[in-house]
There are 2 protein chains.
Amino acid sequence: MPAIKTQRNGSKKQVIIGKAARLFREKGFAATSMRDLAEEVGVEAASLYNHIQSKAEILQDICFRTANLLTSHLEKIEHSQQTAIEKIKAILSFHIQQMLNNYEEVQVADREWRHLTEPYLSNFKTQRRAYRQRLANIIEEGIRKRHIKPIDTSTAVLIMLHAVSGIESWHRSTERISAEQLEDNMLIILVEGLKI
Amino acid sequence: MPAIKTQRNGSKKQVIIGKAARLFREKGFAATSMRDLAEEVGVEAASLYNHIQSKAEILQDICFRTANLLTSHLEKIEHSQQTAIEKIKAILSFHIQQMLNNYEEVQVADREWRHLTEPYLSNFKTQRRAYRQRLANIIEEGIRKRHIKPIDTSTAVLIMLHAVSGIESWHRSTERISAEQLEDNMLIILVEGLKI
DNA sequence: CCTACCGATCGGTAGG
DNA sequence: CCTACCGATCGGTAGG
C-alpha cells in the first residue's frame, strides 16, 4: 500500500519540518543540531532519517515552499486589473498575512537561505531576484501612470520587503495591537508616502 | 612597556574582529569556525587566542560597539532642538550612513546577536528595547504636536529600523544608485508618509 | 524506531 | 606564533 505509506511519511515529515522551522528560527540553522530536533520531535536523532534525507533537505523544503507561495500569489496579482497602488497593497497584505500566520517558516526562508547548498542556493537567489524585479515593475508602472512619486523603484522594494519581514519583533512583543491594526498601519506608512 | 604591548594587542585584535565581522556576516556566527577566521587572518587557529579570549568575545565586541554607537547618537538627537520629523530624519540618516560605511559590523550586530550568551544577551536585548522605545517617544511627540499622522508608534519604529537594515541587498546590487540618492529615496518613502 | 557507532570538525589549551 | 593535542559534538550510517 504505497499510497498510505506515502501519506504517513508525508505527515510525519511535515511534523518534523514544522518543529525544525521553530528551532531554525530561534537558534539559526547552523546552531540547531539534529539531536536538538530529535528531542523536539520525541525520537532519537537516527530515527529522523526514516522521514527526511538530510538536515539540508529540511531547509530546502522550508525555503522553496515559502518562495513558491509568494511567487504564485504575485503572479495572480500581476494579471489582475488593479491599479499599481492596489496591487502593491495586495502584495504587502499577503506578505503580512503570511508573516502572521506562518511566521516561523517565512522567517527561516528569509534569514537562513544563505545556508542552502548548490544548486539550491543559486535557484533561490534567482527566484528572489526575479520576485523583487517584478515588484519593482509594478511600482514602475505606477510611476509612469503618475499614481506614484518618481522614486527609485529598487529602494522602494527593498524597504517594503524588509519592513514586512520585521514583523517578528512585533509578534513577540507584549503590548500588541491587533493584526488588523498592524496591517492598516503598515500600509499607511509604506504606501501613503508613495502617492503623489 | 605595557602601554605599547596593549597598543599592539589592541590593533591586532581589531584586525581579527574586522575579519570576523566579514565572515560572520557572510556565513553566520555559528557556521564560522575559528579555523576559518585564522585562515583569513593568516595565522594558525591557536594563535588567535593570544589576542582574543574566545569566539564569544568577538561577537560581544561587535554587538556592543555598534549598539553603543547608535545609542550615543540617539542621545545627542534627543537633546537637540529639532522638530520630531527632523529628529527622525537625523536618526535614520545616521543609520543609513553606518550601514553604508560599516555595514559588516552593523549587520552582524543586527542579525547575529541571538548567539550572545548571558549576561550579554540580556544586556543587549534591554539596550535594544530601550533604543526602540526612545525612538517611539520621538514619534509620539510628533503626533502630539500634529506633525505626524496618528499611527501606531511601535509599528512605525519597526518599519523604519528594518527598512534601513535591508540596505545590505542594495549594497551588493549591480545596478547601484549613489549613496546620496539612496538616502534621499529612503527618507522620502519612510518619512513623507508620516506627515500630516 | 532504537542501539551502537563512524569520521570529521568544533572551540580551546599546554607547552615551547 | 606554532605543533600537538584534548574532550565534546556534529551529521549521518549499519544493522536489527
Side-chain angles (χ1 to χ4, degrees), chain A residues 1 4-24 26-63 108 112-118 120-121, chain B residues 1 4-24 26-63 108 112-118 120-121:
Chain A
M1 277 179 271
I4 288 174
K5 183 166 180 272
T6 301
Q7 219 173 24
R8 278 193 183 145
N9 281 352
S11 78
K12 188 61 178 277
K13 184 173 178 175
Q14 286 318 307
V15 170
I16 292 171
I17 292 176
K19 303 274 192 190
R22 217 160 72 92
L23 290 172
F24 290 173
E26 267 181 36
K27 326 200 321 171
F29 174 77
T32 301
S33 73
M34 294 304 276
R35 284 153 179 89
D36 291 337
L37 177 55
E39 194 180 2
E40 193 79 4
V41 175
V43 296
E44 291 301 317
S47 304
L48 293 172
Y49 291 89
N50 291 313
H51 303 285
I52 54 123
Q53 292 203 23
S54 64
K55 189 186 179 187
E57 189 209 23
I58 300 176
L59 185 62
Q60 289 153 25
D61 275 28
I62 293 173
C63 289
V108 169
E112 304 295 325
W113 60 265
R114 283 162 241 264
H115 297 285
L116 288 169
T117 51
E118 295 293 354
Y120 303 99
L121 181 59
Chain B
M1 279 177 270
I4 288 175
K5 183 166 179 273
T6 301
Q7 219 173 26
R8 277 196 186 141
N9 280 353
S11 77
K12 189 60 178 276
K13 183 172 179 177
Q14 286 318 307
V15 170
I16 292 172
I17 292 176
K19 303 275 192 190
R22 217 161 74 91
L23 290 173
F24 291 173
E26 267 180 35
K27 328 201 319 172
F29 175 77
T32 301
S33 73
M34 294 303 276
R35 284 154 179 88
D36 291 336
L37 177 55
E39 194 179 3
E40 194 79 4
V41 175
V43 296
E44 291 301 315
S47 303
L48 294 172
Y49 291 89
N50 291 313
H51 304 283
I52 53 125
Q53 293 204 24
S54 65
K55 189 186 179 187
E57 189 209 24
I58 300 175
L59 185 62
Q60 289 153 23
D61 274 29
I62 294 172
C63 289
V108 169
E112 304 294 325
W113 59 266
R114 283 160 241 264
H115 296 284
L116 288 169
T117 50
E118 295 294 353
Y120 303 98
L121 180 59

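Numbers restart at 1 for each chain; the letters A, B, ... are given by sequence-line order, proteins then strands.
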**Q.** Sidechain N-carboxylate O distance under 4.0 Å for B:Lys13, B:Glu57
**A.** yes
Q. Using purine N1 to pyrimidine N3 plus N6-O4 or O6-N4 for Watson-Crick, or N1-O2 and O6-N3 for G-U wobble, each under 3.5 Å, what pairs with C:dG15?
A. D:dC2
**Q.** Summary of protein contacts for nucleotides 3-16 of chain C, nucleotide by nucleotide, where a base hit scores B, a sugar-phosphate-only hit scores S (4.0 Å, heavy atoms)
**A.** BB-----SBBB---
Q | Candidate pair A:Glu40 and A:Arg22, rule side-chain contact (heavy atoms from CB on, under 4.5 Å), full reasoning | A | CA-CA 10 Å; A:Glu40 193 79 4; A:Arg22 217 160 72 92; 2.2 Å; yes
Q. Would you say the side-chain atoms of B:Thr32 pair up with the backbone N or O of B:Gly28, donor to acceptor, closer than 3.5 Å?
A. yes
Q | Flag if over 12 foreign heavy atoms under 6.0 Å of CD, B:Gln53 | A | no
Q.
Under the rule for ring-ring contact (aromatic ring centres under 6.0 Å, His included), what residues qualify as partners of B:Phe29, not counting sequence neighbours?
A. B:Phe24, B:His115
